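Naming: A, B, ... by sequence-line order, numbering from 1 per chain. Everything numeric in this text was worked out from a predicted model, so none of it was measured.
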Protein chains: 2
Amino acid sequence: METTWDDRLRQAGLRVTRPRLAVLDVLVERPHVDAETIATAARAVHPSISPQAVYGVLKALVGSGLARRIEPAGGPALYELRVGDNHHHLVCRECGRVADVDCVVGAAPCLAPSDAAGFVVDEAEVVFWGLCADCQVARRQHGYGTGTTSSSIRGGVRA
Amino acid sequence: METTWDDRLRQAGLRVTRPRLAVLDVLVERPHVDAETIATAARAVHPSISPQAVYGVLKALVGSGLARRIEPAGGPALYELRVGDNHHHLVCRECGRVADVDCVVGAAPCLAPSDAAGFVVDEAEVVFWGLCADCQVARRQHGYGTGTTSSSIRGGVRA
DNA sequence: CTGTTCTCTTGAGTAGGTCAAATCAACAGG
DNA sequence: CCTGTTGATTTGACCTACTCAAGAGAACAG
């Protein structure tokens, strides 16, 4: 731990404030959280923080490159502090849990489309959808052997 | 054109109704449209169709595998009729235009994460972000040579 | 310590949906 | 062709996640 959050904020041209440090604290402890969860957790440190302040802080952090925003389909935006390494995400269809996946290729865009249709591509965003370990167990215990009987499973794309 | 939409709907266990045919007409002509655009366009064929009916139709189509829903970050959900071939998408950061990209690998999940962290993965969703041909031209004409000076460019992930 | 400027709070407003009840239309059976 | 059943649509309320604006407050340079 060499550079403090104070330093990092100032390096990014941002003032060091209690709401910002509170939000950063939450993000350090819990990667992949949504704004409301951040607000609730941040109130443990800074009770008067408002939801709008959280949105403002997050926008400032993302805008200055200190945090990254991801938006998995069907849920609120999630925020994480792991930036600059072009990693990807695993998302559980059942419980929404998110895990990081290292990008084996490296620098963005790690993949190139076969035919870019005239686009200049600068990022390839990859989301792996599936079931986390816990939800696999839970499903087996409820008697769901193989089929996609359960509720929240979206129409799969299984060529 | 062998199987009609009537047949396809019935095969999927859905009744053949005017709102459904109107929505399908729109989707045939314009891939990657949002619900509101569909509603507006469908009124050319079926003037009394309500926004909620469009949502209902789309939910039925997606649920029965006749349509696919994609949710690019920062915009409304889009719908397309191209299903079952596990293709991916190019999205323009500037104008939101979407283009299809064939998946070179084939069956889903076309990619496998390097470490699945206990997840069982059934789909790899890939979104390529960049600038479409038109927006590249428009940017050059406005004097934006190289930098990401413009407004709607989100914080890039450039390892 | 003081002024400037950025940040936060407070409160209203928005997009993009979902949910529920009642009406209406599709279509199977006679 | 007609009718009953059941699924689809309409209507209208409601909701989440988020943005915008104005004023009060705090950070930090001098």
Quiz item: Hey, does the side chain of A:Arg20 reach the backbone of A:Arg15 with a donor-acceptor pair shorter than 3.5 angstrom?
Solution: yes
Quiz item: Which of these nucleotides, D:dT19, D:dT11, C:dC8, is closest to any side-chain atom of A:Val57?
Solution: C:dC8
Quiz item: Starting at OH of A:Tyr55 and ending at P of C:dT9, how long is that distance when rounded to a whole Å?
Solution: 15 Å
Quiz item: Is the distance from OP1 or OP2 of D:dC18 to the nearest side-chain N or O of A:Arg69 less than 4.0 Å?
Solution: yes
Exercise. Output the single nucleotide from C:dG17, D:dT10, C:dT9 whose closest atom is nearest the side chain of B:Pro76.
Key: C:dG17
Exercise. Send over the distance from A:Leu61 CG to C:dC6 P, rounded to a whole Å.
Key: 17 Å
Practice problem: Rounded to the nearest angstrom, tell me the gap between atom CZ in A:Arg18 and atom P in D:dA27. | Solution: 9 Å
Practice problem: Classify the side chain of A:Arg20 and the base of C:dT7 as holding, or not holding, a donor-acceptor pair under 3.5 Å. | Solution: no
Practice problem: Map A:Gln52 and A:Gly56 onto DNA chain C by nearest heavy atom, then report which one ends up closer to the 5' terminus. | Solution: A:Gly56
Exercise. Could you state the atom-to-atom distance from CG of B:Leu24 to C1' of D:dA8 in whole Å?
Key: 15 Å
Self-check item: 5' priority, DNA chain D, between A:Val16 and B:His46 [closest heavy atom]
Solution: B:His46
Quiz prompt | Residue whose nearest DNA chain D nucleotide is more 5′ - A:Lys59 or A:Glu36 | solution = A:Glu36
Quiz prompt | Gap between atoms CD and P, on A:Glu71 and D:dT16 respectively (whole Å) | solution = 19 Å
Quiz prompt | Short side-chain N/O contact from B:Thr17 to OP1 or OP2 of D:dG7, under 4.0 Å | solution = no
Quiz item: Counting just side-chain N and O atoms, does A:Arg10 come under 4.0 Å of either OP1 or OP2 of D:dC28?
Solution: yes
Self-check item: Length of the CG-P vector between B:Leu58 and C:dT18, whole Å
Solution: 10 Å
Quiz prompt | Rounded distance (nearest 0.5 Å) linking atom CG of A:Leu78 with atom NE2 of A:His89 | solution = 8.5 Å
Quiz item: When the distance from CG of B:Leu9 to P of C:dA25 is rounded to whole Å, what number comes out?
Solution: 19 Å
Quiz prompt | Value in whole Å for how far the C1' atom of C:dC24 lies from CD1 of B:Ile49 | solution = 15 Å
Quiz item: Is B:Ser48 near enough to D:dT10 that one of its side-chain N or O atoms lies under 4.0 angstrom from OP1 or OP2?
Solution: yes
Exercise. Could you tell me whether the side chain of A:Arg15 has a donor or acceptor atom within less than 3.5 Å of a complementary atom in the base of C:dC6?
Key: yes
Practice problem: State whether the side chain of B:Glu125 and the backbone N or O of A:Trp129 hold a donor-acceptor pair below 3.5 Å, judged by distance alone. | Solution: no
Practice problem: Spell out, as yes or no, whether a donor-acceptor pair under 3.5 Å connects the side chain of B:Glu94 to the backbone of B:Asp134. | Solution: no
Practice problem: Decide, yes or no, whether a salt bridge links B:Asp25 with B:Arg18 under the criterion of side-chain N to carboxylate O below 4.0 Å. | Solution: no
Practice problem: Tell me what B:Ala77 touches on the nucleic acid: a base, only sugar-phosphate, or nothing, going by heavy atoms under 4.0 Å. | Solution: sugar-phosphate
